[in-house]
J.: 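Below are the structure tokens for one structure; questions will follow.
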There are 2 protein chains.
Amino acid sequence: MDGIGQVRSFNRIVTQQVGALAEGFLGRTRSLGACRLLFEIGADGIEIRQLRARLALDSGYTSRLLRQLEAEGLIRTTPSPRDTRVRFVALTSAGRKELAVLNRLSDKAAASLLDPLPETQRAALLSAMGTIERLLRSSAVRLSVVNPDSPAARYCLERYFEELAARFESGFDPALSRPAPPAELTPPQGYFVLATLYDEPVGCGALKCHAAYGEIRRMWVATSARGLGLGTRILLRLEDFARERRLPLLRLETNKTLTEAQSLYRRHGFREVPAFNDEPYAHHWFEKALSSVKRPLRS
Amino acid sequence: MDGIGQVRSFNRIVTQQVGALAEGFLGRTRSLGACRLLFEIGADGIEIRQLRARLALDSGYTSRLLRQLEAEGLIRTTPSPRDTRVRFVALTSAGRKELAVLNRLSDKAAASLLDPLPETQRAALLSAMGTIERLLRSSAVRLSVVNPDSPAARYCLERYFEELAARFESGFDPALSRPAPPAELTPPQGYFVLATLYDEPVGCGALKCHAAYGEIRRMWVATSARGLGLGTRILLRLEDFARERRLPLLRLETNKTLTEAQSLYRRHGFREVPAFNDEPYAHHWFEKALSSVKRPLRS
DNA sequence: CCATATGTCTGACGCTAGTCAGAGATATGG
DNA sequence: CCATATCTCTGACTAGCGTCAGACATATGG
């Protein structure tokens, strides 16, 4: 079976089994929609506008579901203190109890999937589930070229600098490091690639085009998104841009504490070379010759 | 995170992503229910009663959906030749065209999951999907003790004998082999364990209780259900019964051509011993001493 | 203070999915 | 041939999910 056929077959069986799982909620008077609301409100409560955004619900529909839960005495809504247009919804103690029941049902449904299996198969299932989860998250990550001055890009760069400051033995002061002003990372001078997961920035990387080579800079992946192979995807994308621009060589420098980054570069054909600039925070300099063969495009 | 939490987290992300996948159908005028019908009718057509059974639909509802598809000119229904009460439904050429379109959309949706990933991750995702599919099928298999005279049990035994006849170099004639009359495999003389997947028999195995030992017999797994670890589950279940009955020893014999069975037995602590009976079709005799420690119960 | 935007709510409406009862046609065993 | 069962279909009904327009209250920038 080819990959596509396998994905479809996987979908069939998973929706069937997992669909059966969701029926754990059923049998109770409450509708699935109302249950989702209870889950999302959670122990801490939430603003209604956030609730709507997270579950992607219509405002009228949300309102109606909330009235229903309110009538059952499971939730309480109050105006938000900082803006009385928005309302804040929280569980009452009855609501918390109900949520606990739902959680127990949900746990039981999940357990019923594991229970029939002997120990070794159970372990194999869980490990495969972990892999799928990781890779599905990864495939939901979108890469796009953005203006390095945009809020999302600035957000990434701030997190990046914070992390450097925390990890470098000497701390990190951007002012002492080689600069990379936004203009230099904007086409056609360069490319700033932003990675987003469900519209949240989770990584970045930039290519600066010099006359004779491309320079990789600002490679960063949020801790929450590590292990998804995101560094690879960003790097490959930047390489694509370099090839498009017919740059024969890629260069970059990095700090000795950034070991994942170093192994990422080595894995992708970068070789360590003598220092080719005076970046004070760098301990290792890498180069990679680019053939002009283009690799197949992936989003 | 514990196993249950991991299953729930897996469910969340999969329903989210796979749900998004199913929207591939949407945007077209047809409802999801009608699409499922088209898929299930398929190129060869099908009897309506089978269609209902497979999709677990109400007869009234099915009828209405079919009328709708008929009005669109996608299907044609005719009385079944062998019983004019039942009707047979087949796709018209327009219907086949529509099904092809749906398949293309579905393929595209599946591909959109794979496309973003670099090659190595894509392979990892597909392999994990295969694992999950196999193990979910496995966890959907139910074991139960049934009367060895019941239709499902007889069905399994027939398939079992057929397979022995096909695989043994000498063929197989049950009359020449040591008998195992139903009464001897019925509690308390013995136990006949039947494995079913979605109500279809896919395997069996029996324990016959002698005074000083238990005898494993009739171990069989349908070809369609191999690789799911089903043999292990049946064997473990039979061992449980033997322990319950405080039998200190398990015995069995097998033919040299049944190599998977032999490795199953060896994997589970059976050791080859000299022939302890005169079964004409056996080449190998196995024993396993049972400790009375009970393993945790699994369905 | 005014114009405009934002957030919430209500009422009216529509579609999908599904259930239930019963009618009518056809098989099947005795 | 008759009683009974099986299969399909229609009509009547319900619940859940969701959309849309507009009302109302409250913020916000000028």
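Note: hydrogens, waters and symmetry copies are ignored here, and every other heavy atom, side chains too, is used. Proteins get letters first, then strands, A, B, ... in listed order; numbering begins at 1 in each.
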J.: Could you list the residues that satisfy side chain to side chain donor-acceptor pair (under 3.5 Å) with Ser138(B), not counting sequence neighbours?
T.: Gln121(A)
J.: Do any side-chain nitrogens or oxygens of Arg52(B) fall under 4.0 Å of OP1 or OP2 in dT8(D)?
T.: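 Yes, such a contact exists.
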J.: Rounded to the nearest angstrom, tell me the gap between atom CZ in Arg87(A) and atom C1' in dT6(C).
T.: 15 Å
J.: Using the ring pair (Phe, Tyr, Trp, His ring centres under 6.0 Å) criterion, which residues pair with Phe192(B)? Sequence neighbours excluded.
T.: none
J.: For Glu47(B) and dT6(D), what is the distance between atoms CD and P respectively, to the nearest whole Å?
T.: 16 Å
J.: Under the ring pair (Phe, Tyr, Trp, His ring centres under 6.0 Å) test, which residues partner Tyr155(B), sequence neighbours left out?
T.: none
J.: OP1 or OP2 of dC9(D) sitting under 4.0 Å from any side-chain N/O of Arg67(B)?
T.: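 For dC9(D), OP1/OP2 do have a side-chain N/O of Arg67(B) under 4.0 Å.
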J.: How would you list, by chain and number, every residue that makes a salt bridge (charged side-chain N to carboxylate O under 4.0 Å, His left out) with Arg64(A), sequence neighbours excluded?
T.: none
J.: How many whole angstroms separate atom CD of Glu70(B) from atom C1' of dC9(D)?
T.: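 Taking atom C1' of dC9(D) as the reference, CD of Glu70(B) is at 12 Å.
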J.: Over how many whole Å does the gap from Arg49(A) atom CZ to dC9(C) atom P extend?
T.: 13 Å
J.: Arg67(B): which residues meet the salt bridge (charged side-chain N to carboxylate O under 4.0 Å, His left out) condition with it, sequence neighbours left out?
T.: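 Partners of Arg67(B) by the salt bridge (charged side-chain N to carboxylate O under 4.0 Å, His left out) criterion, ordered by chain and then number, come out as Glu70(B).
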J.: Does the protein touch nucleotides 13-29 of chain C at the base, only the backbone, or not at all? Give it as B, S and - per nucleotide, heavy atoms under 4.0 Å.
T.: ----SBBB-----BS--
J.: Under the salt bridge (charged side-chain N to carboxylate O under 4.0 Å, His left out) rule, collect the residues that match up with Asp58(B), sequence neighbours excluded.
T.: none
J.: My understanding is that only residues two or more places apart in sequence, or in another chain, count here; which of them pass salt bridge (charged side-chain N to carboxylate O under 4.0 Å, His left out) with Arg36(A)?
T.: none
J.: How bent is the helix from dC1(C)-dG30(D) to dG30(C)-dC1(D), comparing axes over its five end pairs at each side, to the nearest 10°?
T.: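 Helix axis angle between the two ends: 20°.
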J.: Rounded off to whole Å, could you give me the CD1-to-C1' distance for the Ile46(A) and dG7(C) pair?
T.: 15 Å
J.: First locate atom CZ of Arg233(B), then atom CZ of Arg142(B), and finally report the distance between them rounded to the nearest 0.5 Å.
T.: 7.0 Å
J.: dC9(C) C1' sits how many Å from Leu66(A) CG, rounded?
T.: 11 Å
J.: Going by side-chain contact (heavy atoms from CB on, under 4.5 Å), Thr92(B) matches just one of Arg76(B), Glu72(B), Lys97(B). Which one?
T.: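 For Thr92(B), the side-chain contact (heavy atoms from CB on, under 4.5 Å) test succeeds with only one of Arg76(B), Glu72(B), Lys97(B), which is Arg76(B).
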J.: Rounded to whole angstroms, how far apart are CD on Gln50(A) and C1' on dG7(C)?
T.: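 Taking CD of Gln50(A) and C1' of dG7(C), I get 14 Å after rounding.
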